[in-house]
Amino acid sequence: MNITVGVLALQGAFREHLHLLQRASEYILKNRLNARLDTTFVFHEIRTAEKLSLCDALIIPGGESTTISLVAARSNLLEPLRDFVKLQRKPTWGTCAGLILLAESANRTKQGGQELIGGLDVRVNRNHFGRQVESFVAELDLPFLHGTSSGTDAAGSAFQGIFIRAPVVERILPHVEGEQKGEEQRQDTVIAPSRQAKGVEARRALSKDVEVLGLLPDRIKKAALKASSVDGEAESADIIAVRQGNVFGTSFHPELTGDIRIHVWWLRQLMQHAEELENSSLTDG
Amino acid sequence: MAVHPQKSSNSDGVATTPDFTVKAGLAQMLKGGVIMDVVNAEQARIAEESGACAVMALERVPADIRRDGGVARMSDPSMIKEIQATVTIPVMAKARIGHFVECQILQAIGVDYIDESEVLTPADEMYHVDKSPFRVPFVCGCRNLGEALRRISEGAAMIRTKGEAGTGDVIEAVKHMRTLMWEISRAKSAYECGGDAALRAMAREIGCDLALLKQTVELGKLPVVNFAAGGIATPADAALMMQLGCDGVFVGSGIFKSGDAAKRAKAIVRATTHYQDPQVLAEVSQGLGEAMVGINCGSMAPSEKMAGRGW
């Protein structure tokens with residue numbers, strides 16, 4: 001079984017993702033974390049619709065989200081990307097700018113708004129933390145990495161969350177068929193156009209609710225920013241990782257660390273997904 | 001829980017501090033993109049709509065600084081703030097070489113990156129700014145490997161070629177990029193043949209830190225992101241610098257000193273993404289109107305060149 005993973009390479013930190021994917025796949029094969037021993041991985045840089053059509057899964061990297069969306073539109077890639085994520089519902093992971101593009105709704109975008117791909121029923125607040133001087137590194141406790149699923153050397157330790165002019169998930173939206181019309185009424189908010197999912201599997205994936213996979217507690221953020229007042233009361237937290245079916249988004253940058261745990265976890269999800277697809281096509285056939 | 005570890009490692013597996021990780025990390029997010037010089041909010045909007053990944057806010061583009069002469073300084077903070085209020089992409093600004101107070105001011109108004117730039121008139125003939133203590137990251141120009149590593153040891157989180165700003169002639173940027181690559185390969189073979197001793201001799205010769213030189217040898221590239229700058233005027237120039245191995249491009253006077261700025265800006269952005277695809281490059285190079293009027297670097301006196309500022 002071969003799994004082809006693309007990394008959108010229009011702008012931003014796509015090489016860093018390819019580098020970690022390579023290391024993560026070597027780790028999986030070396031430690032036989034693949035249930036099926038004939039599993040192989042192929043990784044591609046994606047700049048055209050033709051290349052995208054070869055992929056089973058996609059990463060949209062960190063970068064400048066306005067740039068990625070404008071260049072995608074001018075390279076005739078925006079519609080194929082929407083088809084990939086929403087119509088065919090293939091597994092997709094967005095980091096930082098990628099999370100913004102995968103949101104069904106986003107605010108604080110540039111004048112005149114920006115094009116979104118969509119796929120996650122969330123509203124993202126772009127540059128939530130502010131400008132570069134407010135960028136920070138914080139140690140994250142990510143429950144989905146607990147357990148044996150990613151038994152790498154760093155297993156059990158906190159994950160270095162690198163937040164660079166980062167967005168957060170401001171609100172989980174109710175799942176609706178089609179566009180998030182309610183969101184369109186809001187000031188300074190842009191929404192993604194709708195797509196009908198094709199096929200049983202895609203429709204099943206699309207009907208799933210959004211799960212919160214990671215939180216950044218206020219006290220950790222304040223400590224990372226060396227803020228003077230760290231109050232222990234009334235703990236609030238920002239949502240910094242979400243999943244809806246097979247679409248995954250993180251507001252931080254695992255690709256800027258040397259830590260392969262999330263990439264290993266994600267590749268294992270892809271293997272599971274590929275097996276499910278194979279089994280369902282066998283029973284259907 | 002240890003909230004603020006002193007050491008972490010980046011994607012190259014190199015040990016680094018959290019502060020430096022976020023500084024160098026923003027540069028990694030700019031890769032494959034175009035950073036455009038703009039002198040007002042209107043130009044900043046044109047740049048943003050064209051797909052620029054950041055803008056450089058300054059009062060006069062290098063071509064005008066060259067024409068006007070006199071002392072070129074940091075821009076008026078009110079003009080930078082207006083641009084910050086207008087666009088959502090990162091906003092960079094220039095400070096004079098060695099002028100750490102201009103840098104303090106730019107940090108105070110929240111610019112996303114400071115360019116300690118030879119395009120402005122240098123303020124100190126002994127020292128570049130000590131960049132490590134600042135929370136805002138810095139980009140600096142270089143003509144060769146020694147200069148790049150000296151700036152990194154002072155705390156620069158991003159490097160660019162100096163090129164020759166405000167000329168529209170790409171020859172100097174090409175020369176600086178080729179010099180850098182040639183010196184990296186020379187360091188690699190020195191290390192392979194003569195180990196630490198040979199590398200130490202080379203570090204002394206080019207005037208840089210041994211540890212940084214060794215890191216460069218191990219990575220086969222600079223330890224930070226490296227953009228092209230100085231004289232880039234066309235989509236083909238941008239793609240040329242990308243094919244030579246740059247991570248992205250700065251375009252200074254090349255856009256807003258040309259006939260159809262919006263169209264040229266878009267074309268250079270697309271050329272930087274699809275730099276390996278001659279079909280796309282041919283398409284975007286068509287009908288761009290008048291390019292900026294160039295100055296041939298070969299006909300300039302050494303004293304007219306900006307690249308010689310700094311060391």
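In what follows, chains carry the letters A, B, and so on, assigned in the order in which the sequence lines appear, proteins first and then strands, with residues in each chain numbered from 1. Computed from heavy atoms alone, side chains included, the values below leave out hydrogens, waters and symmetry copies.
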(message) A side-chain contact here means heavy atoms from C-beta on lying under 4.5 Å apart; do A:Leu52 and A:Leu58 qualify?
(response) yes
(message) Does anything in residues 31-48 of chain B reach chain A? List residues with heavy atoms under 4.5 Å apart, or say none.
(response) B:Lys31, B:Gly32, B:Gly33, B:Arg45, B:Glu48
(request) Report the C-alpha separation of A:Asn107 and A:Glu170 in whole Å, then their side-chain angles, then the decisive distance to 0.1 Å, and conclude whether the side-chain hydrogen bond (donor to acceptor under 3.5 Å, both in side chains) test is met. (result) CA-CA 9 Å; A:Asn107 58 24; A:Glu170 184 177 86; 3.1 Å; yes
(request) Would you mind checking which part of A:Leu10 comes under 4.5 Å of any heavy atom in chain B, side chain (CB onward), backbone (N, CA, C, O), both or neither? (result) both
(request) Answer with side chain, backbone, both or neither: which region of A:Val133 has an atom nearer than 4.5 Å to a non-hydrogen atom of chain B? (result) both
(message) Consider side-chain contact (heavy atoms from CB on, under 4.5 Å). Of A:Ile262, A:Leu99, A:Val168, which one does A:Phe252 pass it with?
(response) A:Ile262
(message) Please identify, among A:Glu134, A:His253, A:Gln114, A:Arg15, the residue contributing the most non-hydrogen atom pairs under 4.5 Å to chain B.
(response) A:His253
(request) Spell out, as yes or no, whether a donor-acceptor pair under 3.5 Å connects the side chain of A:Arg82 to the backbone of A:Leu116. (result) yes
(message) Set out, in order, the CA-CA distance, both residues' side-chain angles and the distance that settles salt bridge (charged side-chain N to carboxylate O under 4.0 Å, His left out) for B:Glu49 and A:Lys110, then state yes or no.
(response) CA-CA 9 Å; B:Glu49 281 305 322; A:Lys110 72 172 175 67; 2.6 Å; yes
(request) Using non-hydrogen atoms and a 4.5 Å limit, figure out which bit of B:Gln276 sits close to chain A: side chain, backbone, both or neither. (result) side chain
(request) Please flag which part of A:Phe14 lies under 4.5 Å from any non-hydrogen atom of chain B: side chain, backbone, both or neither. (result) neither
(message) Under a 4.5 Å cutoff for heavy-atom pairs, which residue among B:Leu26, B:Val136, B:Val280 has the most contacts with chain A?
(response) B:Leu26
(request) Heavy atoms only, distances under 4.5 angstrom: which of A:Ser135, A:Gly62, A:Gly130, A:Gly112 has the most pairs with chain B? Name it, please. (result) A:Ser135
(request) Verify salt bridge (charged side-chain N to carboxylate O under 4.0 Å, His left out) between A:Arg23 and A:Glu26, making sure each step is shown before the conclusion. (result) CA-CA 5 Å; A:Arg23 280 185 48 209; A:Glu26 283 161 13; over 6 Å; no
(message) So for atom CZ, which belongs to B:Phe100, do other residues, nucleotides or ligands contribute more than 12 heavy atoms lying within a distance under 6.0 Å?
(response) no
(message) Is it the case that the side chains of A:Thr189 and A:Arg123 hold a donor-acceptor pair, with the cut-off being a distance below 3.5 Å and no angle test?
(response) no
(message) If you define the side chain from C-beta out and look only at heavy atoms, does anything of B:Cys246 sit under 4.5 Å from B:Phe227?
(response) no
(request) Name the member of B:Gly51, B:Pro90, B:Ser50 that forms the most heavy-atom pairs with chain A at distances under 4.5 Å. (result) B:Pro90
(message) Under 4.5 Å from any heavy atom of chain A, what part of B:Ala24 do you find: side chain, backbone, both or neither?
(response) neither
(request) Would you mind checking which part of A:Ala9 comes under 4.5 Å of any heavy atom in chain B, side chain (CB onward), backbone (N, CA, C, O), both or neither? (result) backbone
(message) Heavy-atom count check: over 12 atoms from other residues, nucleotides or ligands less than 6.0 Å from B:Gln243 CD?
(response) yes
(message) Given 3.5 Å as the limit, does a donor-acceptor pair link the side chain of A:Gln11 with the main chain of A:Thr67, or not?
(response) no
(message) Let's test your reading of the structure: which of A:Arg108, A:Arg126, A:Gln132, A:Arg47 forms the most heavy-atom pairs below 4.5 Å with chain B?
(response) A:Gln132
(request) Check whether A:Ser65 gets within reach of chain B through its side chain, its backbone, both or neither, counting any heavy atom under 4.5 Å. (result) neither
(request) Check each atom of A:Thr66 against the heavy atoms of chain B and say whether the ones under 4.5 Å are side chain, backbone, both or neither. (result) side chain
(request) Identify which part of B:Thr86 has an atom lying under 4.5 Å from any heavy atom of chain A, answering side chain, backbone, both or neither. (result) both
(message) Just by distance, no angles: are the side chains of A:Ser105 and A:Glu183 close enough, under 3.5 Å, to form a donor-acceptor pair?
(response) yes
(message) Looking only at side-chain N and O atoms, does A:His128 offer a donor or acceptor that is under 3.5 Å from a partner on A:Ser251?
(response) no
(request) Check whether A:Arg74 gets within reach of chain B through its side chain, its backbone, both or neither, counting any heavy atom under 4.5 Å. (result) both
